[in-house]
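Ligands are counted one by one from 1 in listed order, and the atoms in each one are counted from 1 as well.
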Amino acid sequence: MKFFIDTANLDQIAEGKELGILDGVTTNPSLMAKEGISGRDNILAHYKKICDLVDGDVSAEVISTDFQGMKDELLELKEIAPNIVIKIPMIKDGIKALSFCRDNGIPTNCTLIFSAGQALIAAKAGATYISPFIGRIDDITWDGVELVRQIAEMYAIQMFDTEILAASIRNSNHIVQAATAGADVVTCPLAPILGLLKHPLTDIGLEKFLADHHKANA
Ligand code: E4P
């Protein structure tokens with residue numbers, strides 16, 4: 001399973017990269033705004049910095065909601081770097097944009113997926129990745145992990161190549177659950193990734209090993 005980091009913060013991306021387990025980055029307009037990045041030129045320049053920092057796929061989201069606008073934007077975004085993936089919302093014109101990208105060999109990430117039907121049509125339109133939002137589904141008391149499981153089963157039966165990129169991850173358990181449900185990728189902030197490392201018995205065990213070593217070597 002691939003690990004993407006879900007942030008536009010360069011320090012956090014660099015810290016994730018140092019672990020040696022980072023396969024890519026996802027961003028969205030809210031994450032860019034959170035970093036205070038505004039204006040087309042600054043946004044493009046920031047994506048370039050992210051692409052220079054990581055070897056893997058970097059999702060850059062279009063803002064337009066009409067096909068022509070999306071097409072103009074994605075053609076500009078794809079020139080930033082070879083590892084740019086165009087993030088396209090799950091709307092009618094988004095399907096047209098996904099099909100255009102499929103026909104022109106441009107990798108895509110279809111975002112804001114909340115149902116198996118949306119995942120089906122995005123795969124049919126040739127999306128490279130689809131992003132079901134686990135946390136936001138859980139927020140309304142539905143089951144985000146169960147949606148990932150359903151999509152994984154459907155894609156296996158239909159032999160779609162589209163990768164399931166579990167997004168809107170809120171905690172470390174979501175990562176494990178998404179992996180178990182068949183996600184190909186998880187994207188999340190650094191904290192849930194670091195949370196995977198933690199276990200109190202590891203800390204207690206290490207403390208004892210080191211104490212015994214120091215006693216024997218005093
Ligand atoms: C996915 O690509 C989105 O950027 C992100 O995971 C959304 O997460 P949120 O629901 O925490 O905003």
query = What do you reckon, does Asn28 have a nitrogen or oxygen under 3.5 Å from a nitrogen or oxygen of ligand 1?
reply = yes
task = Just do the side chain to side chain donor-acceptor pair (under 3.5 Å) check on Glu61 and Asn28 with the steps written out, would you?
result = CA-CA 6 Å; Glu61 189 160 340; Asn28 62 40; 5.4 Å; no
task = Could you tell me whether Leu53 atom CG has more than 12 heavy atoms of other residues or ligands within 6.0 Å of it?
result = yes
key: Any donor-acceptor N/O pair, Glu73 side chain to Ile63 backbone, under 3.5 Å   = yes
ask   = Under 3.5 Å, N or O to N or O, is Thr187 touching ligand 1 that way?
value = no
query = Lys87 to ligand 1: N or O pair under 3.5 Å?
reply = yes
query = Looking only at protein heavy atoms, which one is nearest to atom 7 (C) of ligand 1, and how far off is it?
reply = Phe133 CE2, 3.7 Å
Proximal ligand 1 atoms for Arg136, defined as those under 4.0 Å from one of its heavy atoms = 7 (C), 9 (P), 10 (O), 12 (O)
query = For atom CG of Asp161, is the number of surrounding heavy atoms from other residues, nucleotides or ligands below 6.0 Å larger than 12?
reply = no
inquiry  = Salt bridge check, Asp93 against Lys96: does any charged N sit closer than 4.0 Å to a carboxylate O?
reply    = yes
ask   = Going by distance only, is there an N or O of Asp6 that falls short of 3.5 Å from an N or O of ligand 1?
value = yes
request  = Please step through salt bridge (charged side-chain N to carboxylate O under 4.0 Å, His left out) for the pair Arg170 and Asp139, ending with a clear verdict.
outcome  = CA-CA 10 Å; Arg170 298 283 159 77; Asp139 287 345; 2.8 Å; yes
inquiry  = Does any N or O of ligand 1 fall below 3.5 Å from an N or O anywhere on Ser131, backbone included?
reply    = no
query = Of the protein's non-hydrogen atoms, which lies at the shortest distance from atom 8 (O) of ligand 1, and what is that distance?
reply = Ser168 CA, 3.4 Å
